[in-house]
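What follows is one structure encoded as structure tokens, with my remarks underneath.
These values consider heavy atoms only, across backbone and side chains, with no hydrogens, waters or symmetry-generated copies. Note that the numbering runs from 1 along the sequence shown for the chain.
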Amino acid sequence: MKFSRSIWVLPLVFLCMGACSSDDNAPSNNEKEQAVGTYQLTALNISPATDVNGDGNTTSNVLTELPCATGSLLLNNDNTYSWTFVNVGVTTITGNLYNFSCSNPLGNQGLWEVKNGLLTLSDGANTVLFSVGANNELTNTIGESLPGFNSIVYSRQ
């Protein structure tokens with residue numbers, strides 16, 4: 001039986017539950033100012049390490065063996081974002097073998113906010129959470145094993 005997963009489905013996995021907020025929880029201007037900018041996809045991590053392109057070398061970062069996998073995220077000062085990425089599909093062939101493929105670029109836009117080291121992207125229907133790390137590296141931790149993804153990382157340009 002074949003099973004297919006796509007990176008564009010990942011944002012649906014991370015629905016965020018709303019909560020009331022007070023002025024005590026308001027994001028600092030410094031946190032927002034540091035987040036504004038352009039980010040590029042730098043890691044699409046999988047577990048376990050796999051030979052993505054059939055060259056005999058295994059990797060945990062799909063991007064090292066699948067150059068068609070790209071993505072960018074623009075966080076604007078007005079708290080809007082635009083997100084484009086190439087859809088990466090993973091299909092189980094048999095046992096521990098997988099087929100990785102890229103398809104048409106996808107895009108999304110909406111509103112963002114950053115608070116207490118968490119970046120929230122919301123398009124009105126779905127919410128995706130990223131932790132903000134050192135050097136404004138954004139990580140969406142999914143924690144799945146193949147054919148799912150472990151994490152997605154964007155780095156500030």
Side-chain angles (χ1 to χ4, degrees), residues 1-18 34-76 79-157:
M1 174 183 222
K2 289 186 179 179
F3 180 76
S4 179
R5 283 270 176 121
S6 296
I7 190 172
W8 66 269
V9 174
L10 296 176
L12 299 177
V13 174
F14 288 91
L15 298 177
C16 178
M17 298 181 70
Q34 289 178 353
V36 170
T38 302
Y39 297 79
Q40 294 297 317
L41 180 65
T42 54
L44 180 54
N45 296 310
I46 55 173
S47 179
T50 302
D51 184 4
V52 173
N53 64 0
D55 66 356
N57 298 314
T58 60
T59 184
S60 294
N61 183 356
V62 172
L63 301 184
T64 62
E65 293 199 342
L66 196 64
C68 61
T70 60
S72 64
L73 173 62
L74 175 62
L75 301 178
N76 298 305
N79 287 89
T80 60
Y81 75 87
S82 59
W83 191 6
T84 58
F85 50 92
V86 170
N87 186 26
V88 176
V90 182
T91 305
T92 303
I93 299 171
T94 184
N96 291 327
L97 299 175
Y98 302 92
N99 180 51
F100 292 80
S101 62
C102 294
S103 62
N104 295 332
L106 301 171
N108 196 359
Q109 57 189 5
L111 299 174
W112 69 273
E113 74 171 335
V114 63
K115 187 185 321 181
N116 300 323
L118 287 177
L119 172 71
T120 304
L121 303 179
S122 178
D123 66 5
N126 302 296
T127 302
V128 180
L129 298 175
F130 287 88
S131 60
V132 180
N135 300 319
N136 286 333
E137 188 173 86
L138 307 175
T139 303
N140 175 254
T141 303
I142 298 122
E144 294 183 10
S145 296
L146 280 170
F149 296 98
N150 190 290
S151 65
I152 302 169
V153 180
Y154 282 82
S155 298
R156 188 172 187 155
Q157 299 303 297

* To do: Please test Ile46 against Tyr98 for side-chain contact (heavy atoms from CB on, under 4.5 Å), starting from the C-alpha separation and ending with a verdict.
  => CA-CA 11 Å; Ile46 55 173; Tyr98 302 92; over 6 Å; no
* Determine, stepwise, if the pair Asp123 / Tyr81 fulfils side-chain contact (heavy atoms from CB on, under 4.5 Å). => CA-CA 9 Å; Asp123 66 5; Tyr81 75 87; 3.7 Å; yes
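Looking at Arg156, its side chain does come within 3.5 Å of a backbone N or O of Val36 through a donor-acceptor pair. Formation of a donor-acceptor pair under 3.5 Å by the Trp112 side chain with backbone atoms of Asn76 is found in this model. Checking side-chain atoms of Glu65 against main-chain N and O of Asn53 turns up a donor-acceptor pair under 3.5 Å.
The shortest distance between side-chain heavy atoms of Val88 and Phe149 falls below 4.5 Å. Residues Pro147 and Thr92 have side chains in contact (heavy-atom distance under 4.5 Å, counting atoms from C-beta outward). Taking the side chain as every heavy atom from C-beta outward, Thr58 and Thr50 never approach each other to under 4.5 Å.
Heavy-atom minimum distance, Leu121 versus Leu75: CD2-CD2, 4.0 Å. Minimum interatomic distance between Leu41 and Thr70 (heavy atoms only, all atoms of both residues): CD2-C, 3.9 Å. Of all heavy-atom pairs spanning Ser122 and Thr127, the tightest one is OG-OG1, 3.9 Å. Looking at every heavy atom in both residues, Ser60 comes nearest to Ala49 through OG-CB, 3.7 Å. Closest of all the heavy-atom pairs between Cys102 and Val86 is CB-CG1, 3.6 Å. Of all the heavy atoms in Val114 and Ala35, the pair that sits closest is CG1-CB, 4.2 Å.
Take Ala43 and apply the side chain to side chain contact (heavy atoms under 4.5 Å, CB included) test, not counting sequence neighbours, and it matches Asn45, Asn61, Val153.
In this structure, OG in Ser72 is found 12.5 Å from OH in Tyr39, a value given to the nearest 0.5 Å. Here the OG1 atom belonging to Thr42 is positioned 8.0 Å from the CD atom belonging to Gln157, to the nearest 0.5 angstrom. Considering OG of Ser151 and CD1 of Ile142, their distance stands at 6.5 Å, rounded to 0.5 Å. Here Leu66 contributes atom CG and Leu44 contributes atom CG; the two are 8.5 Å apart, rounded to the nearest 0.5 Å. One finds the CG atom of Leu138 at 11.5 Å from the CD1 atom of Ile152 (value rounded to the nearest 0.5 Å). Here the CG atom belonging to Asn108 is positioned 7.5 Å from the CG atom belonging to Asn126, to the nearest 0.5 angstrom.
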Less than 3.5 Å apart, which donor and acceptor atoms pair up between the side chains of residues 130-137 and the rest of the protein, not counting sequence neighbours?
from	atom 1	to	atom 2	distance (Å)
Ser131	OG	Thr139	O	3.4
Asn136	ND2	Gln34	O	2.6

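Within a 6.0 Å sphere centred on CG of Asp55, other residues, nucleotides and ligands contribute more than 12 heavy atoms.
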